[in-house]
Amino acid sequence: MADQGVEGVTADGNLPASVVMKLAAGVFMVSSLLVVSAELLAPGSASRFATVVTGAGALVSGVVIWVLPWGRWPRALTLWLVPFTFAIIGFDYRLAAGNGFIYAITFLMIFAWLGLAQPRGMSLKFAPLLVVAYIVPLLAGPVGRSDLGLASAVYVIPCCVMVGEAVAWGLALLARSESTLAETRALNANVFEQAPMGIGLSSMEGVLIRVNRAYADILGYRPEDLEGMSQGEVAHPDDREENAAHIQSVICGDADSYSLETRCLHADGHVLWLSVGASCIRDRSGEPIYMIGQIEDVTERRALREQLAHAAVHDQLTGLPNRSMFMERLNLMLVRAERGGRQVALMFLDLDRFKLINDGLGHDAGDRLLLRVAGRLEGALRPGDLLARFGGDEFTALCEVETEAEALEVAERLKAPLDQPLAESNHEQFVSLSIGIALSGRGGMSATSLLRNADVAMYRAKDVGPARVAIYREDDELPRLHTLKTSNELHRALERQEFELHYQPVVDLRDLGLVGMEALVRWQHPVRGLLAPGEFISLAEECGLIVPLGTWVMREACRQAAVWAAERAKELQDNGRLNISINVSAQQLADPQFPDLVAGAIEDSGFWADHVWLEITEGAILSDPVAVVGVLGRIRELGVHFSIDDFGTGYSSLSYLKQLPVETLKIDRSFVDQVDQDPDDMAIVRAVIALGDSLGLSVIAEGIERPGQAAQLTSLGCHLAQGFLYGRPISPAAIGLFPGDDLAEWMGSADLTSA
Ligand code: C2E
Ligand code: MG
Ligand code: MG
């Protein structure tokens, strides 16, 4: 049936034609039976034969109507039955001895049938025909035999129409609600089926009742195969208990739902990681009746996550733990060993002459060698010990030991496998290890100190020859070789951007306001921690690295100054510019590119050249005064200012001082230190201030730590100062976005007791 929306009722709200016609057939048969029995039972009936014939005719009609294939024909055809039925009823009435009850009831039945079979309004359309069909037999009937007066038409006819309409209306209502229900069901079924995520419904015992296609696909089954299976059958045996505990917690009402990542077995047997979210469906009384769960295959995502997590803490080349994992384990082991009364031995293992191999045979050969060395070292480890690659050709080992002798034993074990040469394709490669050991002692020690000690010990081992083992002693000094190592590290530090700038305020002693800041470089050394310039500047000068380092300092300081200036301009509504002082070494000044570097750094940063102060030392001027005068002149043309740093410690030639475009002298800390106590220092400071006055130079006092020094300097006429009293050099992160005029940013750093 094309127009059938829901089983039983058509889309327009009526019963299908075949069903209705069967009802009509029933009406025929029942009415014929009633007519015949009424006639036969009526005393003195005259026309029994005719009645039986008519009844039989109606019966036969009923049977015919019953069997005809109404469903295939247009429904309008069924309407022809109505006048036909009216005629039969009229005829029946005549024969049924005028039984009014049967007469009226059959009309009602016809209209009920009309309501069932036809849309609303059809009963109304048939009303005129009904009037005729009802009244004509009454008029034509034998007077006195009729129990039914004409007046009954007034009740029966509207009743018939109302019944017909009411039935049609009721059916339409039913159809509408059924179709809404069906639509909702279809939608739900669609959502369930089409959801990209696996969804499954199971009993509280864990038996799968219904699963969607995605659910089945994830597990490699057909949906019908899974239905009826227990969830336990697909869960990984090791995870079943945990899953059951979660389900139990939901059943008990401890949780409304749960989610977890768990393992399942695919139909072909391989293990899957699923992300599962499940909750419980309860009946009205709150009793749990079903579990509904959604699953997602996260096997790949998880593998990737594990891969990333592994890569984050492992060295790519050797697969050994890397520096960060090593540090984490070191800290853990230190705590554990301290609790257990044992000590931690940290060993630095450095391949001897690795640089020669790497440079001579190439990086690939170097990598291969490292890989094989790592393999051999790993094989020599005791259970529980840890080997890591710290970087380059440096490995570290970590073990818990009772005694120093035990640590030495471990070191020998690690060295032993390298006694055998490593076979390369066409030659044999001999390699050896130098090992430095540091012991934490039973009292415990910080990880950084332990690392530093092992580092020092390793350089002592290297110092005495290849393939040596050395244990750190308290009186160990950093060996000379360390310098070599540091120069390599300096190169790497530049590449890895391990340098940072800290800033110290320059203040006006009269109002303690911020005048500018001096940029002071620091090296965030991976092992030794934050290093002051004293530990690496002269080395950087020695190995020619001061120029790239100084260039970086220049660019970074200008960039930072521009950022601060922008923030201050917003807040203070003036140009917000602070002076930025940058230290410059002699080699930088000697570089013919230097003026261009300065100009480039300032231009790229967007900062103002006339707020940049370059600090040069007297030594730098003396190295080649004529050239320096030229270079400084070119830079001064940019607007940049110069000051002479550590003034008084060198041998400044006053004549050059006059020729140089210098505007400020910074009195060295060594004179300021006792300026309030030592008359000689006071005399020197007074002389420098006088010199400055006569040459038209301003003077900044460095290294003020006590209010007494400040008071003395002010009384001597020096108004600009720098020192821990006003603020230590601190990082831009500590200073923040906006260095205010009141030095609040440096407050904490000025506390000398925390130095
Ligand atoms: P400097 O330019 O004379 O910088 C002042 C030094 O004195 C800084 O040491 C600073 O921390 C320290 N200082 C400041 N106030 C006080 C104080 O009240 N008491 C004491 N005891 N010290 C104070 P730092 O940062 O260690 O720098 C040392 C030197 O390294 C600098 O001396 C400078 O000559 C050089 N330097 C720093 N950064 C650079 C740079 O980027 N390039 C070059 N070429 N040299 C730099
Ligand atoms: Mg300086
Ligand atoms: Mg200085």
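Counting starts at 1 for both ligands and their atoms, following the listed order.
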We want to know whether [X] and [Y] form a side-chain donor-acceptor pair, criterion being a heavy-atom distance below 3.5 angstrom.
X: Thr318; Y: Asp315; answer: yes
X: Asp645; Y: Thr617; answer: no
X: Glu500; Y: His502; answer: yes
X: Gln674; Y: Asp680; answer: no

Within 45° cone and under 6.0 Å: Arg329 NZ/CZ vs Phe326 ring: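 Here Arg329 fails the 6.0 Å and 45° test against Phe326.
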Could you tell me which atoms of ligand 1, counted from 1 in the order shown, lie closer than 4.0 angstrom to a heavy atom of [X]?
X: Ile704; answer: 18 (O)
X: Gln504; answer: 14 (C), 15 (N)
X: Ser585; answer: 44 (N)
X: Gly703; answer: 15 (N), 16 (C), 17 (C), 18 (O)
X: Pro729; answer: 11 (O)

Which bit of [X] gets closer than 4.0 Å to ligand 1, counting heavy atoms only: side chain, backbone, both or neither?
X: Glu518; value: side chain
X: Glu702; value: side chain
X: Arg728; value: neither
X: Val553; value: side chain
X: Leu501; value: neither
X: Glu615; value: side chain

Among protein heavy atoms, which sits nearest to [atom], and what does the distance come to when rounded to 0.1 Å?
atom: atom 7 (O) of ligand 1; result: Arg669 NH1, 3.3 Å
atom: atom 38 (N) of ligand 1; result: Val521 N, 3.1 Å
atom: atom 31 (C) of ligand 1; result: Leu520 CD2, 4.1 Å
atom: atom 43 (C) of ligand 1; result: Asn583 CB, 3.7 Å
atom: atom 24 (P) of ligand 1; result: Pro533 CG, 3.7 Å
atom: atom 19 (N) of ligand 1; result: Glu705 OE2, 2.5 Å
atom: atom 2 (O) of ligand 1; result: Asp645 OD2, 2.7 Å

Heavy atom of protein closer than 4.0 angstrom to atom 9 (O) of ligand 1: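 When distances to the protein are checked, atom 9 (O) of ligand 1 has no heavy atom within 4.0 Å.
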So which N/O/S atom does [X] have closest to the Mg ion (ligand 2)?
X: Glu518; value: OE2
X: Asp645; value: OD2
X: Glu615; value: OE1

Return the minimal non-hydrogen interatomic distance between [X] and [Y], and the atom names on each side.
X: Ile602; Y: Cys558; answer: CG1-SG, 4.0 Å
X: Ala519; Y: Ala557; answer: CB-CB, 4.0 Å
X: Arg636; Y: Pro661; answer: CG-CB, 3.8 Å
X: Gln709; Y: Gly703; answer: NE2-O, 3.7 Å

Short N/O/S contact of Ser581 with the Mg ion (ligand 2) (below 2.8 Å):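 No.
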Intermediate values then yes/no, side-chain hydrogen bond (donor to acceptor under 3.5 Å, both in side chains), Glu489 and His525: CA-CA 9 Å; Glu489 284 179 341; His525 190 283; 2.8 Å; yes
Degrees at the Mg ion (ligand 3) between the OE1 atom of Glu702 and the OD1 atom of Asp646, nearest 10°: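 Roughly 100°, rounded to 10°.
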Under 3.5 Å: N/O of Ile546 near N/O of ligand 1: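 No, since none of the N or O atoms of Ile546 sits under 3.5 Å from an N or O of ligand 1.
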Check: Phe724 N/O within less than 3.5 Å of ligand 1 N/O: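 Yes; at least one N/O pair falls below 3.5 Å.
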Parallel, tilted or perpendicular: rings of Phe499 and Trp552 (30°, 60°):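 Rings of Trp552 and Phe499: tilted, 30 to 60°.
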Steps toward side-chain hydrogen bond (donor to acceptor under 3.5 Å, both in side chains) verdict (Gln722, Glu702): CA-CA 5 Å; Gln722 239 175 296; Glu702 291 188 301; 5.1 Å; no
Verdict with reasoning, Ser715 to Gln712, per side-chain hydrogen bond (donor to acceptor under 3.5 Å, both in side chains): CA-CA 5 Å; Ser715 73; Gln712 183 65 276; 3.1 Å; yes
Main-chain N/O of Gly727 paired with Gln504 side-chain donor or acceptor, under 3.5 Å: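 Such a contact is found between Gln504 side chain and Gly727 backbone.
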For His719, the option from Leu713, Ile689, Asp508 that meets side chain to side chain contact (heavy atoms under 4.5 Å, CB included):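 Considering Leu713, Ile689, Asp508, a side chain to side chain contact (heavy atoms under 4.5 Å, CB included) with His719 is found only for Asp508.
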Test ring pair (Phe, Tyr, Trp, His ring centres under 6.0 Å) applied to Phe390 and Phe348, step by step: CA-CA 9 Å; Phe390 223 56; Phe348 254 106; 5.5 Å; yes
Proximity flag Gly534 to ligand 1, non-hydrogen atoms under 4.0 Å: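 Distance cut 4.0 Å: Gly534 fails for ligand 1.
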contact_flag Glu541 ligand 1 heavy-atom lt 4.0 Å: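 No; Glu541 lies far enough from ligand 1 that no heavy-atom distance drops under 4.0 Å.
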